[in-house]
Amino acid sequence: MSQVSHGIAAKICPECGYKGEPIDALFYLEAAAALIPMTVLSLRKFLSRRKDQFSPRYGHYGPQRRRYRLLTGDEVRRIRNKLIEGPKRGTLNDIFRRG
């Protein structure tokens, strides 16, 4: 049996009833920039100026184990809410539910 929390199913153990913590999605800067929307260069500059608000998180990928900056879904939502204003904007939760 699973429950949905923030669009991600959380598993519940049928024997002991433990509810696992939902996992927040991680995004590469390219994907996050497309969701916000802004260019990758602008996003890098935005993050470098606000290091105290968005602590760096890195993942390693590929055969050469290159380091990539990652953003959580919550961080993408916060950046989008700071940059996009107006009554007709679509929320990021709507975008996550669609795809």
Side-chain angles (χ1 to χ4, degrees):
M1 179 179 199
S2 65
Q3 291 180 345
V4 176
S5 172
H6 302 291
I8 300 172
K11 301 288 182 184
I12 297 176
C13 178
E15 294 178 13
C16 67
Y18 172 77
K19 178 184 172 190
E21 293 295 321
I23 299 170
D24 201 9
L26 294 175
F27 298 95
Y28 291 120
L29 288 185
E30 291 79 12
L35 289 170
I36 290 175
M38 64 191 317
T39 64
V40 177
L41 183 62
S42 297
L43 180 57
R44 283 187 182 137
K45 195 177 288 188
F46 179 88
L47 291 171
S48 70
R49 290 182 180 165
R50 291 164 180 84
K51 290 179 185 176
D52 55 332
Q53 297 174 9
F54 302 98
S55 59
R57 179 180 299 99
Y58 296 97
H60 297 86
Y61 182 72
Q64 297 169 343
R65 307 292 293 162
R66 293 187 61 156
R67 190 172 83 153
Y68 290 95
R69 174 76 191 262
L70 299 170
L71 293 173
T72 63
D74 184 49
E75 290 173 335
V76 173
R77 285 184 203 96
R78 286 188 357 222
I79 294 169
R80 183 177 167 90
N81 289 336
K82 285 185 179 193
L83 297 177
I84 297 180
E85 299 175 359
K88 293 187 178 182
R89 68 180 173 145
T91 63
L92 206 55
N93 288 333
D94 295 337
I95 294 171
F96 285 154
R97 284 188 206 128
R98 280 185 242 154

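Residues: numbered from 1 along the sequence shown.
The CZ atom of F46 lies 5.5 Å from the NZ atom of K82; values are rounded to the nearest 0.5 Å. Atoms CE and CD1, from M38 and I79 in turn, are 7.5 Å apart once rounded to the nearest 0.5 Å. In this structure, the separation between CZ on R44 and OG1 on T39 is 9.5 Å, given to the nearest 0.5 Å. Interatomic distance, I36 CD1 to L83 CG, rounded to the nearest 0.5 Å: 6.5 Å.
Under the 4.5 Å side-chain heavy-atom criterion for Ile, Leu, Val, Met, Phe, Trp and Tyr, V76 and Y68 are members of distinct hydrophobic clusters.
The shortest side-chain heavy-atom distance between R57 and L26 falls under the 4.5 Å cut-off. For the pair R69 and P56, the minimum side-chain heavy-atom distance is below 4.5 Å.
In terms of heavy atoms, F27 sits closest to G73 at CE1-CA, 3.8 Å.
Within a 6.0 Å sphere centred on CD of E30, other residues, nucleotides and ligands contribute more than 12 heavy atoms.
Without hydrogens or angle criteria, R66 side chain to Y61 main chain gives no donor-acceptor distance under 3.5 Å. Counting only distance, with no hydrogens or angles, the side chain of R78 and the backbone of F54 share no donor-acceptor pair below 3.5 Å. Remark: the backbone N or O of L35 is paired with a side-chain donor or acceptor of R80 at under 3.5 angstrom.
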